[in-house]
Amino acid sequence: MPPVDVAAEVTSNQPLSADYNVLTLAAPAIAAAAAPGQFVMVKAGLGHDPLLRRPFSVFEVLRDARGAPTGISILNKRIGASTELLYAARQGQRLACLGPLGQPFVPVDPPVEAWMVAGGVGLAPFAALGESLSGRGVRATLFYGARRAAELFYLDFFRDLGVELVLTTEDGTAGERGRITVPLERALASRALVTPGAPPMIYACGPEAMMAAAAKLAMRYHAPCFVSMERTMGCGLGGCYGCVVAVRGPHGRAHHVRSCLAGPVMAGDQILWD
Amino acid sequence: MDLSVRIGTLTLQNPLIAASGCFGYGVEYADLVDLASLGGVAVKGLFLEEREGHPAPRIVETPAGMLNAIGLQGIGVRRFIAEKLPELRARQATVIVNICGTTLDEYVELARILSDADGVAALELNISCPNIKEGGITFGCSLNGTFDVVSAVRKVTRLPVVPKLTPNVTDVSSFARAAEEAGADAVSLVNTFLAMAIDVETRRPKLSNIVGGLSGPAIRPIAVRMVYECRQAITIPIIGMGGIADARDAIEFMIAGASAVQVGTASFVDPFIWPKLLDGIRSYMERHHVARVADLVGTVDTGPAAPERSGA
Ligand SMILES: Cc1cc2nc3c(=O)[nH]c(=O)nc-3n(C[C@H](O)[C@H](O)[C@H](O)COP(=O)(O)O)c2cc1C
């Protein structure tokens, strides 16, 4: 189905911290078609400044009491002009929202386990994915790293889904102190000893260095791995070639693919991490 | 109401063209936009061979605009003809192929190959991409180079030849004149303005290529001025562009002297902009009793302002 452009009403704006918020948007058509890992292009304001739309992963798919899709939410972090406006968005305001776009996560089914690896705002695609995994009866773990305890969000949401949590913070205020790839590596190593030949599916989203580390660990332990790449996008539709990712091309040469069409979810072993 | 415009031997059903590099190969939009409803589709710049372009980051937003340094990533002319042109033909798009070479011979070869292909309406010679050192910009920044590449291509094709001019020169109109003298059917302008953005926290350029081309509403007044200047200098049609974001902007270019217009950056923001632009042009024509959109071209009134029109 081709993407649709909706003048989506902001139905709520929930601040999570001084930098993060969750916006819920009324967009039944997008919600009905969206698969975990896909994204929307959102125009933060009217007029020419800021000009471009911004890509956001579909954070949650919202449903009414009967289970019918009503909208989506996005996880926003203040880093520039557009995200600043979205942090301050008011309920009732309308935002142009185009989607769903891009390649979703490749799902798994039991007995394969799913390990989600999130860093900071890289949590963005995992609420929807966690929900879908739990609906399929897949055992899931979320490895989630942030700067500090106050920036670990939606923990109860994942607990309620039955997702096991492994947390790290840079300052040690929650979970283990350090990088999330440290407990990830430990878990992969001990699992390889206990149940060799049954690797989990790894899904990663976060800073590029974190995704590179997760993808390399997955390769070392022969686990399949998909990452959600973040790039500045011009259009989200394949028109501008602005959002490319370097992948292994024919004859081992680097080949640039558009992350809006070939991604944002891509196989970790295909990407040329530098 | 007649919306058609003429570009040399080519008649476009309306003056709206998707700008090169901003609409992929057109096929990416086939399910979103009725390609047959556009005046034309200018496809992403093509070399003879495939090219990978520059690494990311390739684009960055700036006030009311953006910088890009894509580096002309592309599939090469043969794959374009085999893989993209058939669908464009099936969708009845009016296809303008934007071509780039590093040598005169490459432009000639591209023109020959595309002249034999079925479904190409015109050739736009990209001698103005600011993002690659070895590319056609060396032609586009030299009057002799512009003359030579246009006349060489002119000799080998019957397709309309439309050199695309760079704004990164002191006097664009002299380049328009060189193109006309060399036998161009029209000129298109402007390509992007060479520009730069730096992250002051890290002191690193925001683009991998260090510099890039500025497009979007920020450049519109300069582009309008350049179209106006070229209109005084040449008699062949001008395809105008640079920051067009609504129907009034498009009409402004036509009044300044453009027979047709291209829209790039604004179509990123609103991929469904085309019917809105067309409706806006139609309602302007109704309001101003203009029967043929071509009658708007170059009608800017620069005489002394009548007292009752001078405003406050
Ligand atoms: C991402 C991007 C890629 C572009 N690629 C090309 C290209 O391949 N060939 C070309 O002649 N112009 C290219 N251009 C220039 C546009 O066709 C157009 O001249 C310019 O962007 C000004 O119009 P606008 O402000 O409506 O975008 C590109 C522009 C952008 C933004």
Side-chain angles (χ1 to χ4, degrees), chain A residues 1-7 41-55 79-83 96-99 101 208 229-251 253-263 271-272 274, chain B residues 18-33 41 43-45 50-75 199 206-208 212 215-218 220 243 245-246 249 264-273:
Chain A
M1 191 207 78
V4 289
D5 195 16
V6 178
M41 292 292 284
V42 179
K43 178 97 166 82
L46 303 169
H48 295 331
D49 208 14
L51 180 67
L52 300 174
R53 297 184 189 227
R54 286 283 176 280
I79 47 164
S82 286
T83 50
C97 180
L98 173 71
L101 298 164
E208 198 136 326
M229 297 301 288
E230 185 184 357
R231 285 285 183 272
T232 306
M233 288 185 185
C235 59
L237 295 167
C240 72
Y241 280 78
C243 62
V244 293
V245 172
V247 300
R248 241 171 276 283
H251 319 298
R253 279 187 311 135
H255 174 53
H256 287 127
V257 295
R258 291 165 282 186
S259 66
C260 62
L261 297 183
I271 293 171
L272 293 175
D274 40 27
Chain B
S20 177
C22 303
F23 206 65
Y25 296 106
V27 296
E28 290 88 342
Y29 289 82
D31 292 332
L32 294 181
V33 176
V41 172
V43 297
K44 173 87 197 138
E50 298 192 34
R51 286 172 59 94
E52 285 300 334
H54 297 314
R58 289 178 166 188
I59 57 177
V60 58
E61 185 161 349
T62 55
M66 62 178 281
L67 306 188
N68 87 82
I70 309 298
L72 287 168
Q73 176 171 359
I75 59 173
D199 181 333
K206 289 186 177 176
L207 294 172
S208 74
S215 64
R220 198 182 84 232
D246 62 27
D249 301 343
T265 304
S267 72
F268 297 160
V269 184
D270 182 4
F272 304 103
I273 195 172

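Quantities reported herein were computed from a predicted structural model and do not represent experimental measurements. To find a chain, count down the sequence lines: A is the first, B the second, and so on, and within it residues start at 1.
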Under 4.5 Å from a heavy atom of chain A, the part of Pro63(B) involved: both
Chain A contact via Phe272(B) - side chain, backbone, both or neither, heavy atoms under 4.5 Å: side chain
Check: Arg58(B) and His256(A) side chains under 4.5 Å, non-hydrogen atoms: yes
Contact check, side chains of Cys240(A) and Asn68(B), non-hydrogen atoms, under 4.5 Å: no
Side chain to side chain contact (heavy atoms under 4.5 Å, CB included) evaluation trace for Val269(B) with Leu51(A): CA-CA 7 Å; Val269(B) 184; Leu51(A) 180 67; 4.0 Å; yes
Test salt bridge (Lys or Arg N to Asp or Glu O under 4.0 Å) applied to Arg54(A) and Glu61(B), step by step: CA-CA 11 Å; Arg54(A) 286 283 176 280; Glu61(B) 185 161 349; 2.9 Å; yes
Heavy-atom pair with the smallest gap, counting every atom of Phe268(B) and Gly234(A): CB-O, 3.3 Å
Where Pro271(B) and Leu98(A) come nearest, the two heavy atoms and their spacing: CG-CD2, 4.0 Å
Engaged part of Met233(A) at the chain B interface, taking heavy atoms whose separation is under 4.5 Å: backbone
Atom group of Ala254(A) that falls short of 4.5 Å from chain B, counting heavy atoms: backbone
From SG (Cys243(A)) to CD1 (Ile70(B)), nearest 0.5 Å: 9.0 Å
Gap between atom CZ of Arg53(A) and atom CG of Asp270(B) - 0.5 Å precision: 6.5 Å
Worked check of side chain to side chain contact (heavy atoms under 4.5 Å, CB included) between Glu28(B) and Leu237(A): CA-CA 7 Å; Glu28(B) 290 88 342; Leu237(A) 295 167; 6.0 Å; no
Greatest number of heavy atom pairs closer than 4.5 Å to chain B - which of Val245(A), Val4(A), Leu261(A), Val244(A): Val244(A)
Gln73(B) vs Arg258(A), side chain to side chain contact (heavy atoms under 4.5 Å, CB included): CA-CA, chis, key distance, verdict: CA-CA 11 Å; Gln73(B) 176 171 359; Arg258(A) 291 165 282 186; over 6 Å; no
Pro2(A): side-chain contact (heavy atoms from CB on, under 4.5 Å) partners, not counting sequence neighbours: Asp31(B), Leu32(B)
Pairing residues for His255(A) by the side chain to side chain donor-acceptor pair (under 3.5 Å) criterion, not counting sequence neighbours: Glu52(B)
From CA spacing to verdict: side chain to side chain contact (heavy atoms under 4.5 Å, CB included), Leu72(B), Tyr241(A): CA-CA 9 Å; Leu72(B) 287 168; Tyr241(A) 280 78; over 6 Å; no
Leading residue by heavy atom contact count with chain A [cutoff under 4.5 Å; candidates Ala64(B), Ala218(B), Ala18(B)]: Ala64(B)
